[in-house]
Amino acid sequence: DRITLLLKLYESYRRIVPGGESLDDFLYWGDSLLSDFDDVDKYRIEAKALLANILDLKEMDSSLSELELSDEQRAAILRLSNCFLPENWNKGGEGKLDVKERFIKVWECMYDLYLDFRTSLTKEGLAYEGMVYRELADYLEQGSAKDALHRMEPSIEKCVFIGLNTLNQCETAVLKALQNEGLAE
């Protein structure tokens with residue numbers, strides 16, 4: 001559930017950033033992080049490339065070229081990153097620098113936070129939706145869809161999917177694996 005995930009994410013955050021935000025301050029953006037991590041996994045994005053240090057634009061720009069992003073998505077990420085370069089900060093406003101510095105500190109540890117969070121959830125037998133999707137899609141690239149399906153529900157012979165709308169990369173991979181083994185239409 002979302003509350004358990006937020007608390008687990010906060011535990012990971014405190015391990016990565018000792019003395020960081022209080023739980024009250026963390027909850028709002030922690031919820032956004034959960035959604036972001038969920039999307040990273042559902043769309044099978046290379047987390048290390050996406051969650052790279054935002055201040056290293058050259059590395060980020062080359063990492064972005066490796067991701068399957070539209071030109072609009074790439075431009076939006078670069079616009080966001082430019083806002084957080086020190087030379088573009090508006091130092092005239094009271095407190096603005098502090099917010100941006102805190103954002104950068106969090107961004108710099110984002111990949112470590114992602115890894116720690118996933119590892120701690122795995123150790124406890126927990127997961128968020130995107131994590132489960134990604135693990136299944138990754139498993140089906142190497143393992144048998146029939147075995148995976150029968151482990152979940154031994155009596156299922158075939159699945160029929162109807163009314164599908166926009167699928168993420170994990171859903172597409174799972175459906176293709178089932179279809180390729182003659183287990184789904």
Side-chain angles (χ1 to χ4, degrees), residues 2 4-18 20-21 25-89 98-124 126-142 165-177:
R2 198 120 181 119
T4 301
L5 291 171
L6 274 171
L7 293 174
K8 296 295 179 189
L9 181 58
Y10 183 66
E11 288 173 9
S12 289
Y13 170 72
R14 293 301 293 221
R15 278 191 295 276
I16 303 295
V17 185
E21 307 285 329
D25 292 335
F26 177 84
L27 286 176
Y28 174 75
W29 62 269
D31 196 52
S32 294
L33 280 179
L34 279 179
S35 293
D36 293 343
F37 289 173
D38 191 59
D39 286 343
V40 164
D41 285 336
K42 283 181 179 174
Y43 288 93
R44 299 177 90 184
I45 295 171
E46 177 54 48
K48 188 170 187 172
L50 182 66
L51 303 174
N53 184 343
I54 200 164
L55 293 178
D56 192 350
L57 283 179
K58 289 185 182 186
E59 181 181 327
M60 185 176 199
D61 193 30
S62 66
S63 296
L64 288 175
S65 65
E66 296 170 14
L67 298 176
E68 293 182 24
L69 298 173
S70 70
D71 290 338
E72 289 174 334
Q73 290 171 318
R74 231 179 240 99
I77 290 170
L78 290 174
R79 271 195 312 274
L80 172 66
S81 65
N82 282 330
C83 292
F84 291 96
L85 287 172
E87 60 267 21
N88 294 334
W89 291 354
D98 182 51
V99 170
K100 288 180 181 179
E101 284 177 338
R102 285 183 12 221
F103 174 86
I104 289 167
K105 284 188 183 299
V106 170
W107 193 273
E108 287 173 339
C109 73
M110 196 70 65
Y111 182 64
D112 292 336
L113 180 58
Y114 172 81
L115 290 179
D116 187 87
F117 180 52
R118 287 177 51 90
T119 300
S120 68
L121 290 177
T122 300
K123 285 179 183 174
E124 294 185 43
L126 301 172
Y128 50 90
E129 190 175 88
M131 187 175 161
V132 173
Y133 281 25
R134 186 177 208 146
E135 287 179 10
L136 178 59
D138 291 348
Y139 170 81
L140 291 177
E141 284 183 350
Q142 307 297 320
N165 196 0
T166 306
L167 300 174
N168 62 49
Q169 277 72 11
C170 287
E171 292 166 333
T172 300
V174 169
L175 293 177
K176 281 184 182 178

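In what follows, every heavy atom counts, from backbone to side chain, and hydrogens, waters and symmetry copies are set aside. Note that this is a predicted model, so its numbers are computed, not measured.
Using a 4.5 Å heavy-atom threshold, the side chains of Met110 and Leu33 count as touching.
The two atoms that bring Gly130 and Asp41 nearest to each other are O-CB, 3.2 Å, heavy atoms only. Of all the heavy atoms in Ala137 and Ala173, the pair that sits closest is CB-CB, 4.0 Å. Heavy atoms only, all atoms of each residue included: Thr166 and Glu171 are closest at O-OE1, 4.2 Å. The minimum heavy-atom distance between Phe26 and Leu6, with the atom names listed, is CE2-O, 3.9 Å.
Take Asp36 and apply the salt bridge (Lys or Arg N to Asp or Glu O under 4.0 Å) test, not counting sequence neighbours, and it matches no residue. Residues passing the ring pair (Phe, Tyr, Trp, His ring centres under 6.0 Å) test with Tyr128, sequence neighbours excluded: Phe117. Remark: Asp112 engages no residue in a salt bridge (Lys or Arg N to Asp or Glu O under 4.0 Å) (not counting sequence neighbours). A search for salt bridge (Lys or Arg N to Asp or Glu O under 4.0 Å) contacts involving Asp31 returns Arg2, not counting sequence neighbours. The side-chain hydrogen bond (donor to acceptor under 3.5 Å, both in side chains) search around Arg15 returns Ser12, Asp116, not counting sequence neighbours. With sequence neighbours excluded, no residue forms a ring pair (Phe, Tyr, Trp, His ring centres under 6.0 Å) with Tyr133.
The OH atom of Tyr10 sits 12.0 Å away from atom CG of Leu113, with the distance rounded to the nearest 0.5 Å. For the atom pair Leu27 CG and Leu7 CG, the distance stands at 7.5 Å (nearest 0.5 Å). Put simply, CZ on Arg44 and CG on Asp138 are 4.5 Å apart, with the number rounded to the nearest 0.5 Å. Lys8 NZ to Leu5 CG: the interatomic distance, rounded to the nearest 0.5 Å, is 9.5 Å. Of the inter-residue distances, the one linking Phe37 atom CZ with Leu121 atom CG reads 10.5 Å to the nearest 0.5 angstrom. Rounded to the nearest 0.5 angstrom, Glu124 CD and Thr119 OG1 are separated by 11.5 Å.
Using cut-offs of 30° and 60° for the angle between ring planes, the Tyr111 and Tyr114 rings count as parallel.
Between the side chain of Glu135 and the backbone N or O of Val132, no donor-acceptor pair lies under 3.5 Å. Side chain of Arg134 to main chain of Ile45: a donor-acceptor pair is present (N/O by atom type, distance under 3.5 Å, no hydrogens or angles).
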